[in-house]
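When reading the values below, keep in mind they use all heavy atoms of this one structure, side chains included, and skip hydrogens, waters and symmetry mates.
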Amino acid sequence: MFYRYLRMLLPLIYVLLLLPVCARAESLTPEQMLAAEPALELEEPLSAGEAAGPSYAREAWIDQILSLAKELYDDAGGRPQRAQYAGDIYICKNFTVHLFRETCSGFRMAAFPDTPLVIPNNQTKADCAPYVYGVEWQDVPAEEGNPFYAAASFRYDDTLSSEENRENARAFLREVRRGDYFQMAANYYYGVGAHSMIFIADYDPDTDSVRWTDSNMKGKSVNGERYAYVQYDAVKEIDWFVDAFCRKKYGATLYRLRDDIIFAP
């Protein structure tokens, strides 16, 4: 019995030893000590929902998106995949949309937990004016299921010099974070027009480079049909992208998942 009471009193004794001397001067009776015991109990452990907060769910979703991209890249095995028809997932934006749609059902926004998530289409050519088609997505409100926001954007500014525009484009690309969706209108080594991709790592200041996954940046024609190569862990210095979209009437946008991503109820 003595040891049972001793075990019960040890937590309180430990707390009392931590108090300043003046606070310990007034002694307690054994009855008072026992009465105080419930106050020393630990709080209830976090529920699964509390332990897996918004930031955890957001990172888990990004992990799923990139894992699927890696799986599709591995499955392709370096072989080009058909990217000719509307339903082909290996067409530029179709690829990034496919990664979103295959993984989004398990997630929601905390602000709109009952709303299924959607990814916006590219903005229409008319609504991109005075810039060319491909610089941005349609502006779908979060309450309608869009979990992205424009974290940064670049539009060529005719009132600035060429070098000032290039420096602004570099600053824009230094904002790249893992999981960002990237939409650009560009004239690049492999083609001209709109292109979509997903960055798989933060901008690397040590190498001044970014890493990404995409499809159809590179491709070829097979029997009159377009075939695309899937890329994963592709890497370029940011000036490669600056050369591509830092042109009059061209630009690019970084889309980032909101911080309040949660697991679907």
Student check: side-chain heavy atoms of [X] and [Y] closer than 4.5 Å:
X      : Y      : result
Tyr181 : Leu257 : no
Val118 : Glu144 : no
Arg247 : Asn187 : yes
Asn216 : Arg226 : yes
Lys220 : Tyr229 : yes
Ile198 : Asp180 : no

State whether the side chain of [X] and the backbone N or O of [Y] hold a donor-acceptor pair below 3.5 Å, judged by distance alone.
X      : Y      : answer
Arg108 : Ile261 : no
Asn121 : Gln138 : no
Gln231 : Thr213 : no
Asp88  : Tyr90  : no
Asn165 : Ser162 : no
Gln81  : Arg79  : yes
Asp260 : Met109 : no

Crowding at [atom1], [X] (>12 non-hydrogen neighbours, <6.0 Å):
X      : atom1 : value
Asp158 : CG    : yes
Tyr250 : OH    : yes
Tyr149 : OH    : yes

Roughly how far apart are [X] [atom1] and [Y] [atom2], rounded to 0.5 Å?
X      : Y      : atom1 : atom2 : answer
Glu164 : Cys246 : CD    : SG    : 11.0 Å
Asp157 : Asn168 : CG    : CG    : 8.0 Å
Asp204 : Arg174 : CG    : CZ    : 12.5 Å
His98  : Thr103 : NE2   : OG1   : 9.0 Å
Asp214 : Cys92  : CG    : SG    : 7.5 Å
Leu72  : Leu99  : CG    : CG    : 6.5 Å

For Glu237 and Arg211, run salt bridge (charged side-chain N to carboxylate O under 4.0 Å, His left out): C-alpha distance rounded to whole Å, both residues' side-chain angles, the deciding distance at 0.1 Å, then the answer. CA-CA 9 Å; Glu237 292 184 1; Arg211 314 180 83 90; over 6 Å; no
Please step through side chain to side chain contact (heavy atoms under 4.5 Å, CB included) for the pair Phe107 and Leu117, ending with a clear verdict. CA-CA 8 Å; Phe107 302 92; Leu117 302 181; 4.1 Å; yes
Where do Arg155 and Thr253 land on the side chain to side chain contact (heavy atoms under 4.5 Å, CB included) test, with the steps shown first? CA-CA 9 Å; Arg155 302 289 184 270; Thr253 310; 3.0 Å; yes
Regarding [X] and [Y], is there a side-chain donor-to-acceptor distance under 3.5 Å anywhere?
X      : Y      : answer
Arg258 : Asn146 : no
Gln183 : Ser196 : yes
Glu136 : Tyr131 : no

Taking all non-hydrogen atoms of both residues, which atom of [X] and which atom of [Y] are closest, and how far apart?
X      : Y      : value
Phe112 : Glu143 : CE2-CB, 3.6 Å
Ala76  : Val230 : CB-CG2, 4.3 Å
Ala110 : Pro113 : O-CD, 3.3 Å
Ala83  : Ala228 : CB-CB, 3.7 Å

Give me the one residue out of Phe148, Phe100, Phe263 that meets ring-ring contact (aromatic ring centres under 6.0 Å, His included) with Trp61.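 Testing Trp61 for a ring-ring contact (aromatic ring centres under 6.0 Å, His included) against Phe148, Phe100, Phe263 leaves exactly one candidate, Phe100.
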Qualifying residue for ring-ring contact (aromatic ring centres under 6.0 Å, His included) with Phe245, from Tyr188, Phe172, Tyr156: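 Looking at Tyr188, Phe172, Tyr156, the match for Phe245 under the ring-ring contact (aromatic ring centres under 6.0 Å, His included) is Phe172.
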Would Tyr203 and Asp208 satisfy side-chain hydrogen bond (donor to acceptor under 3.5 Å, both in side chains), going step by step from the backbone distance to the final call? CA-CA 7 Å; Tyr203 161 74; Asp208 199 34; 2.6 Å; yes
Charged N to carboxylate O under 4.0 angstrom, Arg256 versus Glu175?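 A salt bridge is absent here (no side-chain N lies under 4.0 Å from a carboxylate O).
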May I ask you to decide whether Arg178 forms a salt bridge with Asp63, counting only side-chain N to carboxylate O separations under 4.0 Å?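 Judged by the 4.0 Å cut-off on N to carboxylate O distance, Arg178 and Asp63 do form a salt bridge.
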Does the side chain to side chain contact (heavy atoms under 4.5 Å, CB included) test come out yes or no for Leu66 and Tyr232, once each step is laid out? CA-CA 9 Å; Leu66 299 184; Tyr232 190 88; 3.9 Å; yes
Are [X] and [Y] linked, directly or through other ILVMFWY residues, by side chains that come within less than 4.5 angstrom of each other?
X      : Y      : result
Leu254 : Leu173 : yes
Trp240 : Ile200 : no
Phe241 : Val135 : no
Phe95  : Leu68  : yes
Val242 : Tyr190 : yes

Stepwise side-chain hydrogen bond (donor to acceptor under 3.5 Å, both in side chains) test for Ser161 and Arg166: CA-CA 9 Å; Ser161 69; Arg166 289 181 65 83; over 6 Å; no
Could you go step by step and tell me if Tyr133 and Asn122 meet the side chain to side chain contact (heavy atoms under 4.5 Å, CB included) rule? CA-CA 8 Å; Tyr133 171 79; Asn122 283 354; 3.3 Å; yes
Within 45° of the axis and under 6.0 Å from the centre of the six-membered ring of Trp137, does NZ or CZ of Lys93 qualify?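 Checked: cation-pi criterion met.
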